[in-house]
Amino acid sequence: MLRINEILDAVEELMKERFPNSDAYRNLTPKDFKRPAFMVEMGKQTMETFTRNLVERTAEVTVTLFEEVDVRHNSQVEALGDRLTLALELFSCPAVQVGDRCLDLSAVHGDYFNDYAQVTFTLSWQDDRETEQAEAALAKYYDLTIEVNKKEETDNG
């Protein structure tokens, strides 16, 4: 079963390629972290029955982008808008590769505020159901013998 940290690792690597001069953080940033930077975090996750042996999984991923700030802790809107556009472009693809698997990517959206921008998207995939094999009830025996083209014998005597 695919682990959430594997997904976060893959998203972080994509972001490092797109923003090589930015520091990477996961889930939290320290109080006086260095900018420019980005933070990758996992949001809502679902796991639903797909078949008897498979589950359909989804995970919402949020990438927060940080730009240099001024003395009032505001970033330049143009710089944030540019970073947001580059991140939206990065995640406009149909899938994200995680190890040897490709996870479907959908619902990409973003917005920016005074000192950060965020891109959120949903990844979906199927995984093996990790359960023990359930004992099934034995079927009853029914005689289903079918005789084809059998002629009935008649008494003519």
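Values below: every heavy atom of this structure, side chains too, minus hydrogens, waters and symmetry copies. Numbering starts at 1 and runs along the sequence shown.
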Using 0.5 Å steps for rounding, measure from the [atom1] atom of [X] to the [atom2] atom of [Y].
X: Tyr25; Y: Met39; atom1: OH; atom2: CE; result: 11.0 Å
X: Ile4; Y: Glu41; atom1: CD1; atom2: CD; result: 13.0 Å
X: Arg83; Y: Glu67; atom1: CZ; atom2: CD; result: 5.0 Å
X: Glu60; Y: Ser124; atom1: CD; atom2: OG; result: 12.5 Å
X: Phe113; Y: Thr64; atom1: CZ; atom2: OG1; result: 9.0 Å
X: Arg35; Y: Asp23; atom1: CZ; atom2: CG; result: 11.5 Å

According to a 4.5 Å side-chain heavy-atom criterion applied to Ile, Leu, Val, Met, Phe, Trp and Tyr, with indirect links allowed, do [X] and [Y] form part of one hydrophobic cluster?
X: Leu103; Y: Leu54; value: no
X: Trp125; Y: Phe50; value: no
X: Val55; Y: Leu123; value: no

Sub-3.5 Å donor-acceptor pair from the side chain of [X] to the main-chain atoms of [Y], do we have one?
X: Arg57; Y: Met47; value: no
X: Gln97; Y: Gly99; value: yes
X: Asp127; Y: Leu2; value: yes

Mind listing the closest non-hydrogen atom pair of [X] and [Y] along with its distance?
X: Arg18; Y: Leu86; answer: NH1-O, 2.8 Å
X: Leu80; Y: Asp115; answer: CD1-C, 4.0 Å
X: Ala37; Y: Ser22; answer: CA-CB, 3.8 Å
X: Val98; Y: Ala10; answer: CG2-CB, 3.8 Å
X: Ala87; Y: Val119; answer: CB-CG2, 3.6 Å
X: Leu14; Y: Leu90; answer: O-CD2, 3.8 Å

Exercise for the section: Look at Arg3 together with Asp9 and state whether they make a salt bridge at an N to O cut-off of under 4.0 Å. Expected result: no
Practice task
Could you give me the CA-CA distance, side-chain angles and deciding distance for Thr58 and Thr46, then say whether side-chain hydrogen bond (donor to acceptor under 3.5 Å, both in side chains) is met?
Solution key: CA-CA 5 Å; Thr58 65; Thr46 65; 2.3 Å; yes
Practice task
Report the C-alpha distance between Tyr112 and Leu65 in whole Å, list the side-chain angles of each, state the deciding distance to 0.1 Å, and finish with yes or no for side chain to side chain contact (heavy atoms under 4.5 Å, CB included).
Solution key: CA-CA 9 Å; Tyr112 58 89; Leu65 303 149; over 6 Å; no
Problem - Verdict with reasoning, Val61 to Met42, per side chain to side chain contact (heavy atoms under 4.5 Å, CB included) - result: CA-CA 5 Å; Val61 178; Met42 188 64 60; 3.9 Å; yes
Exercise for the section: State yes or no: are the ring centers of Phe33 and Phe66 separated by less than 6.0 Å? Expected result: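 Here the rings of Phe66 and Phe33 have centres that are less than 6.0 Å from each other.
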Handout entry: Arg129/Thr49 under side-chain hydrogen bond (donor to acceptor under 3.5 Å, both in side chains): CA gap, chis, key distance, verdict
Key = CA-CA 9 Å; Arg129 183 186 301 271; Thr49 297; 3.1 Å; yes
Practice task
Under the side chain to side chain contact (heavy atoms under 4.5 Å, CB included) rule, what do Thr29 and Tyr116 come out as? Steps first, then yes or no, please.
Solution key: CA-CA 13 Å; Thr29 56; Tyr116 67 96; over 6 Å; no
Exercise for the section: Not counting sequence neighbours, which residues clear salt bridge (Lys or Arg N to Asp or Glu O under 4.0 Å) with Glu13? List them please. Expected result: Lys16
Exercise for the section: Count the heavy atoms belonging to other residues, nucleotides or ligands that lie under 6.0 Å from CZ of Phe19, then report whether that count exceeds 12. Expected result: yes
Exercise for the section: Side-chain contact test, heavy atoms from C-beta onward, threshold under 4.5 Å: evaluate it for Asn5 versus Arg26 and give yes or no. Expected result: yes
Practice task
Start with the C-alpha gap between Asn53 and Asp128, add the side-chain angles, then the distance that decides, and say whether side chain to side chain contact (heavy atoms under 4.5 Å, CB included) holds.
Solution key: CA-CA 6 Å; Asn53 296 316; Asp128 293 331; over 6 Å; no
